[in-house]
Protein chains: 2
Amino acid sequence: MLTTMSTSLHHRAIEHLGTRIVAGELPAGHIMLAEHLEEELQVSRSVVREAVRVLQSLGLVETTKRVGIRVLPANRWNPFDSQVIRWRLAGEGRGAQLRSLAELRTAVEPVAAELAATNAPEEIRRELVEVSHAMRDAGRAGDVPRFLELDIHFHSLLLTGSGNEMFANMVGQVAETLTGRTVHGLMPDRPRDTALQWHVDVAEAIAAGNPAGAREASDRIMRQTIAEMEPEWKDQPRVFVPVTRP
Amino acid sequence: MLTTMSTSLHHRAIEHLGTRIVAGELPAGHIMLAEHLEEELQVSRSVVREAVRVLQSLGLVETTKRVGIRVLPANRWNPFDSQVIRWRLAGEGRGAQLRSLAELRTAVEPVAAELAATNAPEEIRRELVEVSHAMRDAGRAGDVPRFLELDIHFHSLLLTGSGNEMFANMVGQVAETLTGRTVHGLMPDRPRDTALQWHVDVAEAIAAGNPAGAREASDRIMRQTIAEMEPEWKDQPRVFVPVTRP
DNA sequence: TGACACCGATGTGTGCTGACATCAAAACTC
DNA sequence: GAGTTTTGATGTCAGCACACATCGGTGTCA
């Protein structure tokens with residue numbers, strides 16, 4: 001055993017197995033033995049068992065007596081878990097994952113804007129307006145890093161301001177999407193002026209307590225976002241498998 | 001120790017702790033000791049440790065050396081996890097959870113309908129139309145159990161037909177919402193005829209490959225659903241806390 | 001005398017191991 | 001073919017060694 005480590009063995013085991021399962025390297029139906037995992041990962045039973053239990057709770061594997069640890073098909077995985085999302089973004093399923101996230105955002109943000117216009121506290125409304133103006137300035141100046149930072153802040157405020165805890169919890173994924181979009185050069189060098197104005201429109205509609213206006217402006221942003229990102233996943237096949245849990 | 005049990009000790013430990021944490025019985029910041037949990041649950045260390053590991057992955061607790069197992073505040077919980085949702089629905093946070101789910105549905109279903117109109121396979125389109133007609137018949141006949149069954153089937157087809165795996169995964173939660181709404185007598189005895197027609201509209205727009213129409217009809221269903229269910233959670237305070245993960 | 005830095009004791013999670021219980025698949029018997 | 005036994009995997013238990021954050025005592029310096 002190693003003397004010191006940055007992350008716990010438990011965490012490393014989860015990461016190792018989760019990555020390989022999500023990458024498809026360990027296909028659905030593949031069966032592993034706990035004992036075999038012990039020597040493969042060079043860790044003890046406790047570590048393997050605790051890791052398997054977590055993966056089980058994520059729907060990645062199931063354990064059966066007398067059989068072993070069975071890898072489950074992708075439609076059993078919890079697609080909302082941030083670990084699963086991270087593993088998929090890192091590997092084969094990146095395109096499909098990006099599309100799923102973008103479509104979820106498309107659905108959620110306009111409704112979040114609508115809710116924020118009705119419910120958000122005064123401070124968030126004010127901050128939204130400020131940030132949207134700063135975004136416009138940074139965008140027109142071509143200051144990409146600053147723009148990205150403000151963009152993330154804007155959408156975080158929007159999701160938080162909805163007062164819906166599930167929406168608020170999507171902040172991390174949205175931030176990852178926005179960052180990824182910038183890093184992969186999917187953003188135009190200088191954000192379109194129309195898009196900048198739409199952000200201002202959303203903020204001002206929320207500040208004015210105008211749900212319909214906030215929703216419409218947000219919907220416009222989302223549609224353009226989808227249009228810009230679509231090339232990234234254009235070849236990804238869609239899957240129409242019902243999700244059933246035993 | 002008991003001789004036989006229907007569920008594993010591990011599962012029971014998760015259930016016991018998860019329920020009590022989500023119910024607020026173990027408040028945020030509360031510190032438990034693994035040793036203490038052993039005797040409280042009358043199980044061994046392995047069981048406690050594996051259960052704590054799972055709860056940790058759900059964001060319900062964190063472990064710190066020399067301190068113990070600390071209960072985390074609600075904004076750290078994973079609001080998309082089906083176990084957490086179930087625990088919340090069973091207890092104190094029922095109203096807030098129902099509202100969150102309903103708002104998420106409001107956001108997602110119109111977009112799912114839009115996507116289904118573009119992407120769904122022919123078979124799902126056909127089945128949607130059939131089910132929507134059967135719903136209309138059952139609704140007009142006042143056959144509530146049959147209507148509920150068809151309603152769940154309809155929305156499952158819609159979410160699956162979107163081809164978005166995250167949407168498809170919401171089938172279980174939607175089914176639970178629809179069932180709960182019926183059981184708690186929030187449904188009018190005989191579904192409104194307008195709502196029945198909207199379901200047919202959604203199905204036929206999808207079958208005809210008309211995204212905008214499908215979205216609009218679905219949006220109408222969602223708005224009426226919200227209006228009907230709102231009394232259930234009218235007094236629930238909203239929380240505007242940013243979600244940040246360390 | 002008081003404030004501060006150092007350092008060791010203490011307790012708790014982390015990890016390892018050997019043993020036994022349980023239960024379902026597979027092999028066997030009739 | 002049906003029922004029974006065997007087998008082999010996970011499930012559970014209990015004890016140990018280790019790492020390390022916290023606390024409190026001790027020493028040093030002003």
Side-chain angles (χ1 to χ4, degrees), chain A residues 1-18 20-21 26-72 76 83 246, chain B residues 1-18 20-21 26-72 76 83 246:
Chain A
M1 172 188 163
L2 297 172
T3 51
T4 57
M5 59 212 79
S6 53
T7 63
S8 68
L9 291 181
H10 164 73
H11 187 261
R12 281 171 42 178
I14 292 180
E15 207 66 24
H16 178 91
L17 289 173
R20 296 180 59 184
I21 290 173
L26 301 172
H30 179 79
I31 286 180
M32 304 169 292
L33 269 45
E35 192 184 359
H36 179 246
L37 290 178
E38 288 177 38
E39 59 184 44
E40 181 185 332
L41 302 179
Q42 288 294 303
V43 295
S44 71
R45 282 208 307 282
S46 359
V47 175
V48 168
R49 288 182 50 80
E50 287 163 24
V52 167
R53 278 276 147 83
V54 171
L55 295 175
Q56 192 176 25
S57 85
L58 299 180
L60 265 62
V61 302
E62 70 180 358
T63 60
T64 313
K65 281 190 177 181
R66 172 77 190 181
V67 173
I69 301 152
R70 180 184 293 116
V71 177
L72 292 174
R76 293 284 298 277
Q83 290 187 104
Chain B
M1 173 185 162
L2 297 173
T3 50
T4 57
M5 61 210 77
S6 52
T7 63
S8 67
L9 292 181
H10 165 74
H11 187 261
R12 282 170 42 179
I14 291 181
E15 207 66 24
H16 177 91
L17 288 174
R20 295 180 60 185
I21 291 173
L26 301 172
H30 178 80
I31 286 180
M32 302 169 293
L33 270 44
E35 192 185 359
H36 180 245
L37 291 178
E38 290 177 39
E39 59 183 46
E40 182 184 333
L41 303 178
Q42 289 295 301
V43 294
S44 72
R45 287 202 18 238
S46 345
V47 175
V48 169
R49 286 182 45 176
E50 288 163 23
V52 167
R53 278 276 146 83
V54 171
L55 295 175
Q56 194 175 22
S57 84
L58 299 180
L60 264 62
V61 302
E62 72 179 358
T63 60
T64 313
K65 280 189 177 179
R66 170 70 191 174
V67 175
I69 301 153
R70 182 184 293 117
V71 177
L72 292 175
R76 294 282 299 276
Q83 291 187 103

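Just so we're on the same page: letters track the sequence lines, and every chain starts at 1.
- A:His11 has its NE2 atom 12 Å from the P atom of C:dG15, to the nearest Å.
- The CD-P distance, from A:Glu39 to C:dT17, rounds to 13 Å in whole Å.
- Side-chain nitrogen and oxygen atoms of A:Arg45 include none within less than 4.0 Å of the OP1 or OP2 phosphate oxygen of D:dT12.
- Going from atom CG of A:Leu9 over to atom P of D:dC20 covers 12 Å, rounded to whole Å.
- The distance from atom CD1 of B:Ile31 to atom P of C:dG11 is 16 Å, rounded to the nearest whole Å.
- Taking atom CD of residue B:Glu38 and atom C1' of nucleotide C:dG13, one finds them 12 Å apart after rounding to whole Å.
- Between the side chain of A:Arg53 and the base of D:dG11 there is no donor-acceptor pair of N/O atoms closer than 3.5 Å.
- To the nearest 0.5 Å, atom CZ of residue A:Arg53 and atom NE2 of residue B:His10 are 4.0 Å apart.
- C:dG13 atom C1' lies 16 Å from atom CG of B:Leu55, rounded to whole Å.
- Among the atoms of the strands shown, base atoms are found under 4.0 Å from some heavy atom of B:Ser46.
- For the pair B:Val52 and B:Val61, the tightest heavy-atom approach, listed with the atom from each and the gap, is O-CG2, 4.0 Å.
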Protein-nucleotides 5-9 of chain D N/O pairs under 3.5 Å:
from  : atom 1 : to      : atom 2 : distance (Å)
D:dT7 : O2     : A:Arg66 : NH1    : 2.7
D:dG8 : O4'    : A:Arg66 : NH1    : 2.5

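- Atoms CG and CZ, on A:Leu17 and A:Arg12 in that order, are 12.5 Å from each other to the nearest 0.5 Å.
- For the pair B:Ser44 and D:dC13, the criterion of a side-chain N or O lying under 4.0 Å from OP1 or OP2 is met.
- In this structure, B:His10 places its NE2 atom 18 Å from C1' of C:dC23, rounding to the nearest Å.
- Atom-to-atom, CZ of B:Arg49 to P of D:dC16 comes out at 16 Å; the value is rounded to the nearest Å.
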